[in-house]
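Accompanying notes for the structure given below.
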Amino acid sequence: MSQRHRFWQFVALGVDPYITEYVFETNESLAKIRGKYAYLKNGEESQDRYSVAGRILGIRKHGKIAFMILDDGTAQIQLVFRHDIVGEKLWKIVDILNVGDIVGVVGRPMKTLRGELSILVENFKVLAITWRDYPEKWHGLADAEKRYRLRYLDMMLNKKIRDAIVAMYRIEKSFRDFLDSKGFIEIHTPKLQPVYGGALARPFITRMYALNRDVYLSIAPETYLKRSVVANFFKVYEIAVCFRNEDIDAQHYPEFIQIEIYQAFTDWNGMMKLVEDMVSYAVKAVYGDYKIEVEKNNEKVILNFAPPWRRIPLEEAIEIFGDVKIKGRSYEEILKIAKELDIKVDDPRKGKLLEKIFEKVAQQKIQQPTFITLFPRDVSPLARPSRENPEYAERFEIYIGGLEVGNGYSELNNPIVQFHFFSKEEELRIKSREKFGEVEHHPMDKDYVRALEYGMPPTAGVGIGIYRLVMMLHGLDSIKDVIPYTIVEQDEFKTIAEQHSDILDYYISKLKLE
RNA sequence: GGGCCCGUAGCUCAGCUAGGUAGAGCGGCGGGCUUUUAACCCGUAGGUCCCGGGUUCAAAUCCCGGCGGGCCCGCCA
């Protein structure tokens, strides 16, 4: 308040950042201009004239010439403002522009004497201004709390984050293109459900006033997509938000996006092929090659997505990668191995033990895209038992870069056995409650069983975690880095209107507000 | 649920171990500069040291409690 805000300087120069300009027509993106005029020689000016708009992210002033970095969301380019070209009146505005202001400019591509492709500005308009100072140009926005609190700045200024967000869109689009070409359709399943299911997780509970009852936020689209298969939509998928009321860490966040795919008349083998074809298609479409270099903990790893991917049964993976003999062992022996590995046993199922042992000794070592197959039946209540050994399910998980990114199986389409498995899950919950506390289990879903009773063809399905896939592909070590907006507690601060009552009064009177 | 770490100017950070006048760079503002690339040079303003309590002659610094954020373990993808 002590010194007059620069806003008043703009107003004095006839520029009101919210009243003067409502539109600015652009006719080219900076990315295109960069490509098209790369040929210019140092000092050369093109006679072509373009209209571009974006945010100023850097300013270097040199008396009667000024260089600014303009970012239009597709690329950045240097703007050259010359006093002799824009004239005295516009120069006064050039003089008060700050990093963060938004301008539309008309000018000609040129290359400076030092070889920097630029736009020589002939005319420009101020389209909006920033009221807050931007982060320092060298370190940028680095404080973790501020990055998540002011995520728009993080996404605007941190290239790694921005690239991951764009790549995520392109990967999802590639998945849709691929599935569309195979005749799949996307079906949106309910996020508010009377019974949660399709995964083992604690749900969010919320109130639906229309029916005067509590409902669950979807933990997975699975049971509804399979109802869709019953509905003769034999090739369906959904890129779905899933909500799981569990803790946050580097690989987990309570709301996340999965693509789930179901295809009738095939089994887990057909689904593994579909997955490796689809993911490799997307990787090539987005990054230009099946092989991509990923940086992990300052180490570079080349990941090769070219199909086919390796398929290794779970117990074999434990033996190969973890060097732990596990095949043919009894429940007691496996329990002992788990304890020796310092694994806390809080779930009585043998399958859980094997999963934990795998995660502890083998998972980190699996870098190249790999299907780990043949999971124990007892942790897979919606999967079809193996045709060779019903102790196992025809279930696979996808591991890339040491991260679990997906899970799929031959779907259980037998309503009698499905009912039995659900009943066993209930029993497990009740039985293990005294001994281990609440164990994650799949609740009885009779309505879903009834759908199966109308007849579901042999079907295979898969779920792939989009955030995990993207964080792995971009070498980011926190899932929160690829989630556009994560939750943060509200903090206290003053808005500009609260800090500058004179400016508030100006707009109230100018716009005839009360 | 358990453990560890962090919070100082708009931003990035130093100062804290061992209590003694709150600092730097960038950014802002003013001045100079017509080809810079973290431009440069001169000047200048800017702080509830997260909040509350305690110890002390004296607290950014030590202690306790809280709030906010991060990481790890357990659980979930």
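Throughout, a chain's letter reflects where its sequence line sits, starting with A, and its residues are numbered from 1.
Atom pair A/Tyr253:OH and B/C76:C1' shows a separation of 15 Å (rounding to whole Å applied). Rounded to an integer number of Å, the gap from CG of A/Leu157 to P of B/A38 is 16 Å. Atom CG in A/Asp249 sits roughly 15 Å away from atom C1' in B/G3 (whole-Å rounding). A/Asp143 places its CG atom 14 Å from the P atom of B/C6, with the value rounded to the nearest Å. Following rounding to the nearest Å, A/Ile219 (CD1) and B/C76 (P) show an atom-to-atom distance of 12 Å. Regarding A/Asp95, its CG atom lies at a distance of 13 Å from the P atom of B/U34, rounded to whole Å. Per the geometry, CE belonging to A/Met156 stands 14 Å off C1' belonging to B/C11, to the nearest Å. Residue A/Gln251 contributes atom CD, which lies 11 Å from atom C1' of B/C72 at whole-angstrom precision.
Nucleotides B/C6 and B/C76, compared at atom C1', are 27 Å apart to the nearest Å. Between B/C40 and B/G23, the two C1' atoms lie 24 Å apart (nearest whole Å). For the C1' atoms, the distance linking B/U55 with B/U61 amounts to 13 Å, nearest Å. Taking the C1' atoms as reference points, B/A58 lies 12 Å from B/U21, given to the whole Å. Between B/C57 and B/G19, the two P atoms lie 15 Å apart (nearest whole Å). Rounded to a whole angstrom, the distance from the C1' atom of B/A45 to that of B/A9 is 11 Å. Taking atom C1' on both B/U8 and B/G68, the two are 15 Å apart, rounded to the nearest angstrom. Distance check on atom C1': B/C49 versus B/C62 gives 16 Å, rounded to whole Å.
The base-pairing partner of B/G68, taking Watson-Crick or G-U wobble contacts with both distances under 3.5 Å, is B/C6. Figure legend. B/A22 is base-paired to no nucleotide; pairs are counted as Watson-Crick or G-U wobble with both atom distances under 3.5 Å. B/G74: no Watson-Crick or G-U partner with both key distances under 3.5 Å is found in any strand. As the counterpart of B/A39, no nucleotide is assigned, since no Watson-Crick or G-U wobble pattern has both distances under 3.5 Å.
For the segment residues 61-94 of chain A, the set of residues with a heavy atom within less than 4.0 Å of an atom of RNA chain B comprises A/Lys61, A/His62, A/Gly63, A/Lys64, A/Ile65, A/Phe67, A/Gln78, A/Arg82, A/Asp84, in numerical order.
Judged by distance alone, with hydrogens and angles left aside, the side-chain atoms of A/Asp378 form a donor-acceptor pair with the main-chain N or O of A/Lys350 at under 3.5 Å. Distance alone, capped at 3.5 Å, is enough to place a donor-acceptor pair between the A/Arg6 side chain and the A/Ile96 backbone. Panel note: side chain A/Thr74, backbone A/Asp72; no donor-acceptor pair is recorded below 3.5 Å. Panel note: side chain A/Arg60, backbone A/Gly58; no donor-acceptor pair is recorded below 3.5 Å. Side chain of A/Arg82 to main chain of A/Ile65: no donor-acceptor pair is present (N/O by atom type, distance under 3.5 Å, no hydrogens or angles).
Counting non-hydrogen atoms of neighbouring residues, nucleotides and ligands closer than 6.0 angstrom, the NZ atom of A/Lys336 reaches no more than 12 such neighbours.
Within the 4.0 Å cut-off from OP1 or OP2 of B/C73, not a single side-chain nitrogen or oxygen of A/Lys356 is found. One finds a side-chain N or O of A/Arg114 lying less than 4.0 angstrom from the OP1 or OP2 phosphate oxygen of B/U37. For A/Arg60 and B/A39, the shortest distance from a side-chain N or O to OP1 or OP2 is below 4.0 Å.
Using the six-membered ring where Trp is involved, A/Phe422 and A/His442 have ring planes that are parallel, under 30° apart on the 30 and 60° scheme.
In this structure, A/Tyr148 reaches the sugar-phosphate backbone alone: every heavy-atom distance under 4.0 Å involves primed, P, OP1 or OP2 atoms, never a base. Among the heavy atoms of the strands, none lies under 4.0 Å from A/Gly58. Here A/Glu116 lies in heavy-atom contact (under 4.0 Å) with a base. If you check every strand for non-hydrogen atoms under 4.0 Å, A/Gln258 touches nothing. Looking at heavy-atom distances under 4.0 Å, A/Arg202 makes no contact with the nucleic acid at all. Counting any heavy atom pair closer than 4.0 Å across all strands shown, A/Arg244 reaches a base atom. Residue A/Lys111 is out of contact with every strand shown, counting any heavy-atom pair closer than 4.0 Å. Within the 4.0 angstrom heavy-atom criterion, base atoms lie near A/Asp247.
For A/Thr112 against B/U36, a side-chain-to-base donor-acceptor contact under 3.5 Å is present.
Partner A/Tyr148 forms a side-chain hydrogen bond (donor to acceptor under 3.5 Å, both in side chains) with one of A/Asp154, A/Asp143, A/Asp481 and no other, that one being A/Asp481.
Under a cutoff of 6.0 Å and an axis angle of 45°, A/Arg377 and A/Tyr392 do not form a cation-pi pair.
Mapping A/Leu120 and A/Leu150 onto RNA chain B via the closest heavy atom, the residue that lands nearer the 5' end is A/Leu150. When each of A/Glu404 and A/Gln490 is assigned the nucleotide of RNA chain B bearing its nearest heavy atom, the one mapping closer to the 5' terminus is A/Gln490.
For A/Tyr262 and A/Tyr224, the distance between ring centers is not under 6.0 angstrom.
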Could you pull out the protein-nucleic contacts involving nucleotides 25-27 of chain B (nitrogen or oxygen on both sides, under 3.5 Å)?
unit_1: B/G25; atom_1: N2; unit_2: A/Glu136; atom_2: OE1; d: 3.2
unit_1: B/C26; atom_1: O3'; unit_2: A/Lys137; atom_2: NZ; d: 3.0
unit_1: B/G27; atom_1: OP1; unit_2: A/Lys137; atom_2: NZ; d: 2.4

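Side-chain contact between A/Asp491 and A/Arg149 is present, with at least one heavy-atom pair separated by less than 4.5 Å. The side-chain heavy atoms of A/Phe204 and A/Ile219, taken from C-beta on, include no pair separated by under 4.5 Å.
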